[in-house]
Every structure is written in structure tokens, then in C-alpha cells.
Amino acid sequence: MLTLEWESEGLQTVGIVVIIFASLKLLHLLGLIDFSEDTVEDEMEMATVRHRPEALELLEAQSKFTKKELQILYRGFKNECPSGVVNEETFKEIYSQFFPQGDSTTYAHFLFNAFDTDHNGSVSFEDFVMGLSVLLRGTVQEKLNWAFNLYDINKDGYITKEEMLDIMKAIYDMMGKCTYPVLKEDAPRQHVETFFQKMDKNKDGVVTIDEFIESCQK
């Protein structure tokens, strides 16, 4: 059964890691990804897509990935998104392939907004790399900041019960019947109540970033 600990550590981490590395592995096995350094560098120099990524050296300095890792990520990203950017519908389609037993549409929407940091309706390779860098290599503080941003749907600096309930419902919709024992219909609301009892320290009905981080670290 889903637990509060699993949720507070960030289910989004599991989801995005599954997507990226499962798809990269599949593309590699199918022979669609060539991990040759020269090939990737040539493509980044000569690509005529609408959005061209920043230099690998700059991304390497800004993220916590090596140049080789960035090359592999870029090749997988370009195979999935030849235009150089991902719009929300494409993001939802990719995500649904990994959760066919449920409806991942709403959760993918929230996750897309967390990656679309400049809120321009698309996720570039740079957006993707920086988000993934936090999720995979970031400090505990950085990961918790990222998770808070996901749960803070309207980006006003607070998590309300309504926002958390929307996220919980989206998670259960995404998981579908892939839980044992089968969850009761009111399970999302019960989890939200438990979440707020633990995290809303001053009982004002909202959770701040400080309350969120302090509770998760404990």
C-alpha cells in the first residue's frame, strides 16, 4: 500500500526516473541510440531543430552530470522529441506508456508544470537536464524544494489541502489497480489529513516550504 513516507519523499522522482531510463534503455536495445561521443557532438552542432540546446560544457557546469552522461541524455531526448522541446501533450503520451494500467494524465500535467520552470508551455533539453539533475544528484534540500514546487500547484508559496488532494488523487489515478490491498475511495483524503497533521506545525491550514522541509527531514 502507498505510505506517507513514499509520498513525502516524492513519488515524482520514481516516475520521472522510470520514464527516462527505461526509454533510454529501450532505445539503446533497439539500436536507436548510438553512444558514440563524436556522433552526438556532431548532431548538436548541425541539428536544424527549432530549439537548439546550450553547449554541453555550459550544461555540464550548471548540472551535476558529466559530459558523457549529457550526451546520452541528449540523444534519448532528441529521439523522443525531434523538435528539441516537449509540449504537454507529448509529455502525457510518453508518461502514459509507463502507467498503462491507470490514467496518468493529471499527474503528468502537474509534473510537466514542475519541469516547465519558465512557464512557457514547453520543456527544453536544458529544463529537462536541470530538473533531472536535482532529482538524481541534488542534495536533500534541493530535492525537497523541487517536491514542494510540484505540490504547490498555484506557485503561491503554500501547499493547501486542496492542492495536496489533487496530487494524491492524480497519483492514485495513475497507479490504477496496481496497489495491494486495493485502496478505498477515500484513501487520498485520509492521506492528506495525515500529511497535514504531521506538517502543518502552526495549524493554519497551509504548509510552508520551511514546514515541509523540516517535517520531511525528520
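Since the structure is predicted, the reported quantities are computational estimates derived from the model, not experimental observations. The first residue in the sequence is number 1, and the count goes up from there.
- For Leu165, the side-chain contact (heavy atoms from CB on, under 4.5 Å) partners are Lys169, Pro188, Arg189, Val192, not counting sequence neighbours.
- Residues satisfying the side-chain contact (heavy atoms from CB on, under 4.5 Å) test with Asp173, not counting sequence neighbours, are none.
- Legend: residues meeting side-chain hydrogen bond (donor to acceptor under 3.5 Å, both in side chains) with Asp103, ordered by chain and number and at least two apart, are Thr105.
- Partners of Arg137 by salt bridge (Lys or Arg N to Asp or Glu O under 4.0 Å), not counting sequence neighbours, listed by chain and number: Glu69.
- With rounding to the nearest 0.5 Å, the separation of NZ in Lys201 from CG in Asp210 is 12.0 Å.
- In this structure, OG on Ser83 lies 10.5 Å from NZ on Lys78, to the nearest 0.5 angstrom.
- Looking at Val129 and Glu126, their side chains never come closer than 4.5 Å, going by heavy atoms from C-beta outward.
- The structure places CD of Glu193 at 9.0 Å from CD of Gln190, a figure rounded to the nearest 0.5 Å.
- Not counting sequence neighbours, the partners of Phe110 by the side-chain contact (heavy atoms from CB on, under 4.5 Å) test are Thr106, Leu150, Ile153, Asp166, Ile167, Ala170.
- In the hydrophobic cluster analysis, where Ile, Leu, Val, Met, Phe, Trp and Tyr join through side-chain heavy atoms closer than 4.5 angstrom, Val206 is grouped apart from Met199.
- Taking NZ from Lys155 and CZ from Phe148, the interatomic distance works out to 9.5 Å, rounded to the nearest 0.5 Å.
- For the side-chain contact (heavy atoms from CB on, under 4.5 Å) test, residues two or more places apart in sequence or in another chain that qualify with Thr90 are Val86, Asn87, Ile94.
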